[in-house]
**Q** 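One structure, as structure tokens, below. Some questions next.
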Amino acid sequence: MYRVIEERVRAAIGAHIEKAYGQAVSVGVERPPKLEMGELATPVCFELAKRLKRAPRLIAQEMAGSIGAIEGVTRVEVAGGGYLNVFLDRAAFFENVARLAGREAMAAGADASKVIVEHTNINPNKAAHIGHLRNAALGDTFVRLLRHTGRCVEVQNYIDNTGVQVADVVVGFEHLEKKSPGDVRTLAAEPQFDYLCWDLYARVTQWFEEEKTRLAFRVETLKAIEEGRGTAAEIGVIVGEAIVRCHLRTMERLGVEYDVLPRESEILHLKFWKQAFGMLRERGAIQLATSGKNAGCWVMPLGKSEGGEKNRPARDALPHQGGSGQAGATGESEAAGENQDEKIIVRSDGTVTYVGKDIAYQLWKFGLLGLDFRYARFAKRPDGDDVWASTSGAGEADAPQFGHGSEVYNVIDSRQAFLQHVVVAGLRALGHEEQANHSTHFSYEMVALSPRAAQEMGYTLSPDEEKRAYVEMSGRRGLGVKADDLIDELEEATSAEVAERHPQLAAEEQEKIAHTIAIGALRYFLLKFTRNSVISFDFKDALSFEGETGPYCQYAAVRARNIVRKVEEQGGKLPETISAAGAGQWLAAPGGNDVWELALIAGSLGSAVTGAVETQEPAILAKFAFQLAQAFNNFYHKHHILSEEDAAKKAFLLALVEAVEKQLVAALELLGIEAPERM
RNA sequence: GCGCCCGUAGCUCAGUUGGACUAGAGCGUCUGCCUUCUAAGCAGAGGGUCGGGGGUUCGAAUCCCUCCGGGCGCGCCA
């Protein structure tokens, strides 16, 4: 609602300025600091004053008098040095909120083009940890947001099942544990196989460090896995598949689902790279280095700004630029030295690097590769849909068409910014400017451990690490908080509380509520931070259920539901609809300011969603949910609805409560958080 | 060495494209509030040279420069 009026005001003022002053300006709008100053304001007259060389306040006065009527707006006032403050028609706004609450989602397919979001991407060689949870929570929430705005989204979870990490675990099974493929198969059937591999992976790393010559096993195993031969390959397949299933289970616990799992093994078998290599070579995007330290490698030159610079803001400039900064002006001497700004794509032994395969994958996502995967059903989702995986077999005939997106978001942590940049540079070098511009690295900072958290888990830190604000997690060291452990701990804490509060409920019901609250706490915790803030993980914060947390928001929704339920139980007959005039009476300033504020926030969900999508920042929505919950809790203590004697007022308050409940539930749903019936 | 990110209250963090008064939350601390729709809640108090210094502007936490401090990345690893 708010978003619609915001747009309307923006358009009206913009058009008016165009007409009356012949100036085209973008009209910025904001929320005034106080309700008495209206619901919407614009400082546009300051900008206009500069251009017209006139006092801003005078322009504002002129405009306030001549702007004319805007639907939903009662008046426009001049304030301060030249602000235009806009006052909304409260009754009309409320009527809209009450009518449309919870149904603001745009029709699916409004934009038929497909958006591909790739997230999770955990190496299938160990249990998922909390860093992976941040990735999945961000990716999944962004997907929900895009779908809410009517976009058609495909969720991909890339599985690097033939990489070094899997190879290391295979080495562990074969050489450390002396296991046969049959033994591993038996182990893989155990529920906590991912935990077993977590420990084994750390042990193998240790084992390599003790005796460097053992690294030969890794090289040999990696090659065997890539070529699909021998027991190593067999074990690799077993491990890769079993661990992926563990990850899917873990992610299912927090409501994260996927459409398709493209796997690296198929990228190899179907010769995606060979195809991409041909294209890159033909276009001259990669060159064979004949001299210098990279002699014998195929390299991609970097650092040129390739003309079309407009849609890449300065901060997205090439992270690794080395040498000459300003193109042309100075630093030309650098051009003489080769190997300066280039990235190796194919090693001198002919094997392709990770980034090379990534370029092929990215091309496939846009349907630019000229090759496609085949697919087989891999798993069933709770919603009944299938999760498909790429396959080297014949594939199933009824598989949907994946890929062929027009926009791609890769949810990957910021440490991989450079590689993501190389991938986009590859697209651009192939002449796919359009697709390059629609490739977004949805980056976020890592989850690290607070030194205290690391110590609580029994790790001994170096004196240097103890002094730091946080310690980076490390799969190789086995240093990290496993996702399932944290979820278990959250569920344990919540179920004790639920059992105490609702002893009459069946155990199964209690468990379900505890789970919902646990996930609410977890997802909110992962989403409340903005993307480029490093999360220094601390158990105390993550296990908190008070204050700015998921459960706080859920609790507000539960309270709202309780009121509605109690009123229904009392059987009190209340008017079905609230007339605008009636609502206006209770919303009128100054007495109605507090209820009006709540209605205003409730009506601002669309605005929060738009903001979150445009800035690709789910934290904006998390903040919104909290603010709405907070406003409601405040209202809850001021107004006692069940004991309200004035039937008309009671009906109005109840309508407000219902609207808030729907909007809050909708906001939480977008965050992947369910609101329980009781808690 | 080069690049990216960060530095706001004791702690953890918000702060849309520069804006209006007293720079906001949450946690923690202190004080109140459960015979009233569940206290996973509410009200109040205290707490800040927005890392330092310059500059642009009518106006800067926000933009530019510089310095300091921290993190990450820069491999024929992924």
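Chain letters run A, B, ... following the sequence lines, proteins first, then strands; residues in each count from 1.
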**Q** Could you state the CD-P distance from Glu465(A) to G71(B), rounded to the nearest angstrom?
**A** 11 Å
**Q** Any idea how Phe537(A) and Phe539(A) line up, ring-wise: parallel (<30°), tilted (30 to 60°), or perpendicular (>60°)?
**A** perpendicular
**Q** Please classify the nucleic acid contact of Val613(A) as base, sugar-phosphate, or nothing, using heavy-atom distances under 4.0 Å.
**A** nothing
**Q** Please report the distance separating the C1' of C33(B) from the corresponding atom of C11(B), rounded so that it comes out in whole Å.
**A** 27 Å
**Q** Does Glu220(A) come within less than 4.0 Å of Lys223(A), counting only side-chain N to carboxylate O?
**A** no
**Q** Just the rounded figure in Å: distance from P of G70(B) to CE of Met446(A).
**A** 15 Å
**Q** Is a donor on one side and an acceptor on the other found under 3.5 Å between the side chain of Arg263(A) and the backbone of Asn161(A)?
**A** no
**Q** Hey, does Val564(A) reach any base, or is it just sugar-phosphate, or nothing, if we go heavy atoms under 4.0 Å?
**A** nothing
**Q** Which part of the nucleic acid does Gln165(A) contact within heavy-atom distance under 4.0 Å: base, sugar-phosphate only, or nothing?
**A** nothing
**Q** Looking at Tyr444(A), I'd like to know if the NZ or CZ of Arg531(A) sits under 6.0 Å from its six-membered ring centre while staying within 45 degrees of the ring's axis.
**A** no
**Q** Aromatic rings Tyr552(A) and Phe626(A): how do their planes relate, parallel, tilted or perpendicular, breaks at 30° and 60°?
**A** tilted
**Q** Side chain of Ser348(A), base of C76(B): donor and acceptor closer than 3.5 Å?
**A** yes
**Q** Rounding to an integer number of angstrom, what distance separates G59(B) and G47(B) when you compare their P atoms?
**A** 31 Å
**Q** If the sugar-phosphate is the primed atoms plus P, OP1 and OP2 and the base is the rest, what is the B/S/- string for nucleotides 11-21 of chain B, using protein heavy atoms under 4.0 Å?
**A** -SSSS-B-BBB
**Q** Roughly how many Å apart are U62(B) and G7(B), using the C1' atom of each and rounding to a whole number?
**A** 14 Å
**Q** Take atom C1' in G71(B) and the same atom in C58(B), then report the distance between them in whole Å.
**A** 39 Å
**Q** On RNA chain B, check which nucleotide each of Arg678(A) and Phe626(A) is closest to and give me the residue with the more 5' one.
**A** Phe626(A)
**Q** Does any nucleotide pair with A43(B) by Watson-Crick or G-U wobble geometry, both distances under 3.5 Å, and what is it?
**A** U31(B)
**Q** Evaluate the ring planes of Phe525(A) and Phe529(A), with Trp represented by its six-membered ring, and classify them as parallel (under 30°), tilted (30 to 60°) or perpendicular (over 60°).
**A** perpendicular
**Q** In whole Å, measure the gap between the C1' atoms of G44(B) and C5(B) for me.
**A** 39 Å
**Q** Go through residues 634-643 of chain A and report each residue with a non-hydrogen atom lying under 4.0 Å from RNA chain B, sorted by number.
**A** Asn634(A), Tyr636(A), His637(A), His639(A), His640(A), Ile641(A), Leu642(A)
**Q** Does C34(B) sit syn or anti, given that only angles within 90° of 0 count as syn?
**A** syn
**Q** Checking side-chain polar atoms at under 3.5 Å, does Asp538(A) have a donor or acceptor matched by the opposite partner on Ser450(A)?
**A** yes
**Q** Assess whether a salt bridge exists between Arg415(A) and Asp413(A), defined as any Lys/Arg side-chain N lying under 4.0 Å from an Asp/Glu carboxylate O.
**A** yes
**Q** Can you tell me how far the CZ atom of Arg218(A) sits from the OG1 atom of Thr205(A), to the nearest 0.5 Å?
**A** 7.5 Å
**Q** Both distances under 3.5 Å, Watson-Crick or G-U wobble: report the partner of G1(B), or none.
**A** C74(B)
